[in-house]
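As structure tokens, the structure follows; a few thoughts come after it.
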Amino acid sequence: MPGAIPLNHIRNGCWALVTELAAEGPARRRLLDLGLVPGTKVEVIRRSPLGDPIAFNIRGAVIAFRKEEAEQVLVLQVTQ
């Protein structure tokens, strides 16, 4: 999708809308099981001091992903 960027490029405190998943196999299944389906709003809560992992608010749950995992989730930045 044009304009979609990886989730790990969204800044702290910003919201994004999931457009698609680039992951395949078990990694894709895990992301889907965690609620990252197209149309889901995600908030970037915080990053660790070295920037990895990153904590996200997904459907009311705080979930942390490593940069490599978050890079597989393509999103559009939105205002809340």
Side-chain angles (χ1 to χ4, degrees):
M1 171 173 273
I5 59 173
L7 182 58
N8 63 325
H9 291 176
I10 304 294
R11 295 184 330 190
N12 290 357
C14 295
W15 288 83
L17 190 66
V18 176
T19 59
E20 64 180 292
L21 299 177
E24 296 179 357
R28 180 180 180 83
R29 172 69 1 211
R30 178 174 180 264
L31 293 172
L32 290 169
D33 288 345
L34 290 171
L36 286 170
V37 296
T40 300
K41 282 181 77 173
V42 178
E43 177 187 15
V44 181
I45 298 176
R46 69 179 71 91
R47 287 174 164 72
S48 70
L50 296 177
D52 194 24
I54 307 167
F56 301 96
N57 176 357
I58 303 170
R59 299 178 184 258
V62 176
I63 300 172
F65 292 124
R66 295 221 169 263
K67 282 183 182 179
E68 296 82 22
E69 294 172 305
E71 197 169 55
Q72 300 297 310
V73 181
L74 300 177
V75 298
L76 294 174
Q77 188 164 341
V78 295
T79 57
Q80 184 182 346

Q. Taking Thr40 for the side chain and Val18 for the main chain, is one N or O donor matched with an acceptor at less than 3.5 Å?
A. no
(Q) Let me confirm one number: the CD1-CD distance from Ile10 to Gln77, rounded to the nearest 0.5 Å. (A) 4.0 Å
Q) Quick one: are Arg47 and Asn12 in side-chain contact, heavy atoms under 4.5 Å? A) yes
Q | Shortest non-hydrogen contact between Asp52 and Ser48, atoms and distance | A | O-OG, 2.8 Å
Q) Does Val37 belong to the same Ile/Leu/Val/Met/Phe/Trp/Tyr cluster as Ile63, with side-chain heavy atoms less than 4.5 Å apart forming each link? A) yes
Q. Judged by atom type as modelled, is there a donor-acceptor pair below 3.5 Å linking the side chain of Glu69 to the main-chain atoms of Arg66?
A. yes
Q. Cluster question for you: counting only ILVMFWY and a side-chain heavy-atom cut-off of under 4.5 Å, with indirect links fine, are Ile45 and Leu31 together?
A. no
Q: Indicate yes or no: at least one non-hydrogen side-chain atom of Lys67 is less than 4.5 angstrom from one of Ile54.
A: yes
Q | Close side-chain approach of Val75 to Val42, heavy-atom, < 4.5 Å | A | no
Q) With side chains defined as the heavy atoms from C-beta onward, is the minimum distance between Phe65 and Leu36 less than 4.5 Å? A) yes
Q. With a 4.5 Å heavy-atom cut-off, do Leu74 and Leu7 have their side chains touching?
A. no
Q.
Return the CD to CH2 distance between Glu43 and Trp15, rounded to the nearest 0.5 Å.
A. 4.5 Å
Q.
Measuring only between side-chain heavy atoms, which start at C-beta, is Pro38 closer than 4.5 Å to Glu20?
A. no
Q) Considering residues at least two apart in sequence or located in another chain, which fulfil the side-chain hydrogen bond (donor to acceptor under 3.5 Å, both in side chains) criterion with Arg28? A) none
Q. Out of curiosity, does Ile58 fall in the hydrophobic cluster containing Leu32 (side-chain heavy atoms, cut-off under 4.5 Å, transitive links)?
A. yes
